[in-house]
Amino acid sequence: MTSMTKEFDHILDTHGLFCPEPVMMLHKAIRDARAGDLLKVLASDPSTQRDIPKFCQFLGHELVDQGKDETGFYYFVRKA
């Protein structure tokens, strides 16, 4: 199964937003999700490559996958 076809519970599109907005929106989405939910995050800001993994590490959420495609960056985050 490729990253783009993973099943997910929520999607968060932050295209066009810049640091710190994508991480702030992820924080709210994680807070609203249930434990174990998988969130797909879409972003255009290159700083998310640093910020989202650090967010997950700091708060104990699992960064299941991340990558880049023709539209920008994508992340799959599982809520702890």
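Note that the structure is a prediction, hence the values are computed from the model and not measured.
Taking a 6.0 Å sphere around CD of Q57, one finds it holds 12 or fewer heavy atoms contributed by other residues, nucleotides or ligands. Counting heavy-atom neighbours within 6.0 Å of K68 NZ, excluding the residue itself, gives a total above 12.
In this structure, the side chain of K40 does not engage the main chain of F8 through any donor-acceptor pair within 3.5 Å. For the pair R78 (side chain) and G36 (backbone), a donor-acceptor distance under 3.5 Å is present. Using modelled atom types, one side-chain atom of S44 and one backbone atom of G16 make a donor-acceptor pair closer than 3.5 Å.
Two residues are said to be in side-chain contact when any heavy atoms from C-beta on lie closer than 4.5 Å; D51 and P22 fail this criterion.
Through direct or relayed side-chain contacts under 4.5 Å between Ile, Leu, Val, Met, Phe, Trp and Tyr, M25 connects to L12, L17, V23, L26, I30, L39, V41, I52, F55, F58, L59, L63, F73, Y75, V77.
For A35 against A80, the heavy-atom pair with the smallest separation is CB-O, 3.6 Å. Across all their heavy atoms, K79 and R31 have their closest contact at NZ-O, 3.6 Å.
Atom CD of Q66 and atom SG of C56 lie 9.0 Å apart (nearest 0.5 Å). Interatomic distance, H61 NE2 to D37 CG, rounded to the nearest 0.5 Å: 11.5 Å.
The stretch residues 14-26 participates, sequence neighbours left out, in these side chain to side chain donor-acceptor pair (under 3.5 Å) pairs: D13-H15.
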